[in-house]
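The next block holds one structure in the form of structure tokens; read it before the comments.
Nothing fancy with the numbering, it's 1 onward along the sequence. Note: hydrogens, waters and symmetry copies are ignored here, and every other heavy atom, side chains too, is used.
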Amino acid sequence: MLLEHITSPRDVKALDAEKLPLLSDELRRAIIAKAAAVGGHLAPNLAVIELAVALHRVFDSPHDKIVFDVSHQCYAHKALTGRAAAFLDPAAFDLVSGFSNPHESEHDLFSMGHTSTSLSLACGLAKARDLAGEDFDVVAVIGDGSLSGGLAFEGLDAAAELGSGIIIVVNDNDQSIAENHGGIYGNLAALRESCGGVENNLFCAMGFEYYYVDAGNDVFALVDALSEVRGTDHPVVLHIHTVKGAGFKPAEDDPEAWHHVGSFDPTTGKKSKLIGGDVPRGTYADLTAEHLLERMDEDPRIVAVTAGMPYVMGFTPERRIEAGRNFVDVGIAEEHAITYCTALARGGATPVFGVYGAFLQRAYDELWHDLCLNGAPATILDIGASVYGANAETHLNFFDIAMLGSIPGLRLLAPSCCEEYFAMLDWSLNQRSMPVVIRVPVGPVVSRPDLVATPGSTDFSVPSYQIVREGEDVAILALGAFLPLGEQIADALATRGIHATVVNPRFAAELDEVFLAEAAERYRALVTLEDGVLEGGWGEKVARFLAADDIRIRCYGIRKGFPDRYKPEELLAENGITVEGITADIEGMLA
């Protein structure tokens, strides 16, 4: 086996040329086997295996700088840069992350997992090189829908007038996570159909020298093309046509469903763990799309919007067809999505933007300056926002409450069950007063009809907390998904003779000041629990409001940081968030 002897790019260069296809085949089998066991970004990586081999055959990393965008397409690169064991030895599968990570290797220049960053990073590297009078190649590998992001256009714009050498490899597999959207991709399609010869060429119009390789999964064609542009003293675009999922038929046939997968049988392709483009029946994503389609039938002004991730809000290809013009995929362009929704709402439509929590932060300026400054009544579904969401340092989803809580005019709601979630969604769709963000619950669907059975429990026009259980010693305010935790703590306290009031706050950015003022008089202690970062979070707002009152208060959440590939229960325990620990803390507060 060749791959087990590859310890650095030098070993790729030392191979006889005729062995490069064999190395590519071994990489493909290893990546499929690892993904089958532990999941990962499968289809994107299968598309760029030959490209990774060719890059390390032609260039001299880390002297030459190679930046992978989105960085979820860097598995083969990792295996060729001293980390092959992480793709060959099941005991080592967890030793590397799924994204570029400089803590792992000098061949990974940046920690990153969001899209459209590679071109700006490459521009910076090239400028720093020129200022230092150094001589090396800078290569940005961009693809998988990344060109639709605004930052990619800004990077292209800057790279075109850099005035020195930069190589941009456009990995064009005709896919984003789902299908591509936007005029840029119309031009890429025309370039593919003409083998790069169409007169209307976006890259040439911007000032790049342009090369095209149609056989983007032919390692020899790629070595030849990269060798031709190596050492360039001006900006160059190498446009290569690859196949997403190349070499694994299920992924080739359905690249959206195989973009990011859980474990599966590599022989049959049968999935044992659904993830990524799959929308299992009865999940929050499935129920969301079902509910929105019903509402669209009642109100043709409702528009579901996604930024390249339709499945996170349950819109399968079939449902996208059913929704027709009431479903819009703007491509990987969260900033545009927010501003677009602002104008949709101002124009009388009722937009619902479903976005993965870690990607909402990319549109902070648009949230602040466009949506909230204009008070546009759009609904944002904040998906995966929890310590139980994605656990990679590049995709942490629990900063949203702290991020959103300081923006004026924004209502941030945290449901604790499906009934509350859909009550909040319907309320938001029916109101025209303000923008609303709803933290969609994470994990299995929880049913608590008792939480919406009382008068006023489905009206969210004024911040008001809901008392779920009455007690007289301490108040436990358990936000959103942490409501069950609050109830468990109350149960544990009851066995010690301490009677707790359990509160479902529901509002994650605004305070029920009437309740809090009464709580300061009524209870000896108060505790807040939130599934989010502690610093700048909701609990701190509660503590600040009560600062002048004679009540002991303690806030629980996650300390700010970038934990990587953590186990949720371990991270919670590290932050003191366990039933036993909080129960003991409350006993001490009341002593």
Indicate yes or no: at least one non-hydrogen side-chain atom of [X] is less than 4.5 angstrom from one of [Y].
X: Y340; Y: V328; answer: yes
X: Y364; Y: M403; answer: yes
X: H5; Y: D11; answer: no
X: I338; Y: L360; answer: yes
X: L293; Y: E322; answer: yes
X: Q361; Y: H114; answer: yes
X: I6; Y: L23; answer: yes
X: H72; Y: H259; answer: yes

State, without any angle test, whether [X] and [Y] hold a side-chain donor-acceptor pair at a distance under 3.5 Å.
X: T242; Y: N171; answer: yes
X: T81; Y: R83; answer: yes
X: D137; Y: H63; answer: no
X: H241; Y: D172; answer: no

At their closest point, which heavy atom of [X] faces which heavy atom of [Y], and how far apart are they?
X: Q175; Y: E256; value: NE2-N, 4.2 Å
X: A47; Y: N217; value: O-ND2, 2.9 Å
X: S97; Y: E104; value: N-OE2, 2.7 Å
X: P102; Y: S111; value: CD-OG, 3.2 Å

Practice prompt. Would you check, one step at a time, whether the test side-chain contact (heavy atoms from CB on, under 4.5 Å) holds for V352 with L292?
Written response: CA-CA 9 Å; V352 184; L292 287 174; 4.1 Å; yes
Item to complete: Tell me, yes or no, whether the heavy-atom count around R346 atom CZ, taken from other residues, nucleotides or ligands under 6.0 Å, exceeds 12.
Response: no
Worksheet item: Crowded around D135 CG? As in, over 12 foreign heavy atoms under 6.0 Å?
Response: no
Find the distance between [atom1] ([X]) and [atom2] ([Y]) and round it off to the nearest 0.5 Å.
X: L191; Y: H239; atom1: CG; atom2: NE2; answer: 6.0 Å
X: D564; Y: N391; atom1: CG; atom2: CG; answer: 7.5 Å
X: E335; Y: F359; atom1: CD; atom2: CZ; answer: 12.0 Å
X: L80; Y: S24; atom1: CG; atom2: OG; answer: 8.5 Å

Taking the six-membered ring for Trp, are [X] and [Y] closer than 6.0 Å centroid to centroid?
X: F264; Y: F248; value: yes
X: F208; Y: H234; value: no
X: F99; Y: H395; value: yes
X: Y75; Y: H41; value: no

Discussion item. Would the distance check show the side chain of N45 and the main-chain N or O of C74 forming a donor-acceptor pair, the cut-off being under 3.5 Å?
Written reply: yes
Has [X] got its NZ or CZ under 6.0 Å from the middle of the six-membered ring of [Y], at an angle within 45 degrees of the ring axis?
X: K34; Y: F87; result: yes
X: K244; Y: W258; result: no
X: R319; Y: F327; result: no

